[in-house]
Amino acid sequence: LYAAGDEGMTMAQMAEATARTARELSGVLGGPGNRINRTPDLDDKGATSAMPKLRSVGNQWWYSMRLVLCEALEVEGLV
């Protein structure tokens with residue numbers, strides 16, 4: 001997803017790139033947001049601010065990384 005840049009990828013493209021099914025990938029993408037939103041003492045529940053961006057094109061959803069997430073991966077030396 002990082003390498004896809006602003007253009008992003010569809011769920012099918014991400015599933016193929018990660019050798020997962022779309023259903024498995026949905027769980028991977030949803031898990032961190034659910035954890036953040038269910039943390040009782042966390043004031044800012046804005047999990048979606050760090051999660052991938054979504055946009056609808058035709059009948060497909062396209063995912064891309066938010067700048068803050070890209071920067072975090074770069075700072076941590078993960079990309």
- Please name all residues satisfying side-chain hydrogen bond (donor to acceptor under 3.5 Å, both in side chains) with Glu74, sequence neighbours left out, ordered by chain then number.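 Here the qualifying residues are Tyr2.
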
- Verify, without hydrogens or angle tests, whether Glu24 (side chain) and Thr21 (backbone) share a donor-acceptor contact under 3.5 angstrom.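 Such a contact is found between Glu24 side chain and Thr21 backbone.
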
- Gln13 side chain to Thr10 backbone, donor-acceptor under 3.5 Å: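 Side chain of Gln13 to backbone of Thr10, a donor-acceptor pair under 3.5 Å: yes, one is there.
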
- Message: List the residues meeting side-chain contact (heavy atoms from CB on, under 4.5 Å) with Val75, not counting sequence neighbours, and say none if there are none.
- Response: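 With sequence neighbours excluded, Val75 shows a side-chain contact (heavy atoms from CB on, under 4.5 Å) to no residue whatsoever.
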
- Task: Return the minimal non-hydrogen interatomic distance between Ala15 and Ala22, and the atom names on each side.
- Result: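 Smallest heavy-atom distance, with atoms named: CB-N, 3.9 Å.
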
- Query: Which heavy atom of Leu1 sits nearest a heavy atom of Ser64, and at what distance?
  - Reply: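 Distance-wise, the nearest heavy atoms are CD1-CA, 4.0 Å.
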
- Message: Same cluster or not: Leu25 versus Met65, using hydrophobic residues (I, L, V, M, F, W, Y) connected whenever any side-chain heavy atoms lie under 4.5 Å apart?
- Response: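 As far as the 4.5 Å side-chain criterion goes, Met65 and Leu25 are connected within one cluster.
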
- Query: Quick one: which of Arg55, Lys53, Met9, Met11 gives a side chain to side chain contact (heavy atoms under 4.5 Å, CB included) with Tyr63?
  - Reply: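 Answer to the side chain to side chain contact (heavy atoms under 4.5 Å, CB included) test with Tyr63 among Arg55, Lys53, Met9, Met11: Met11.
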
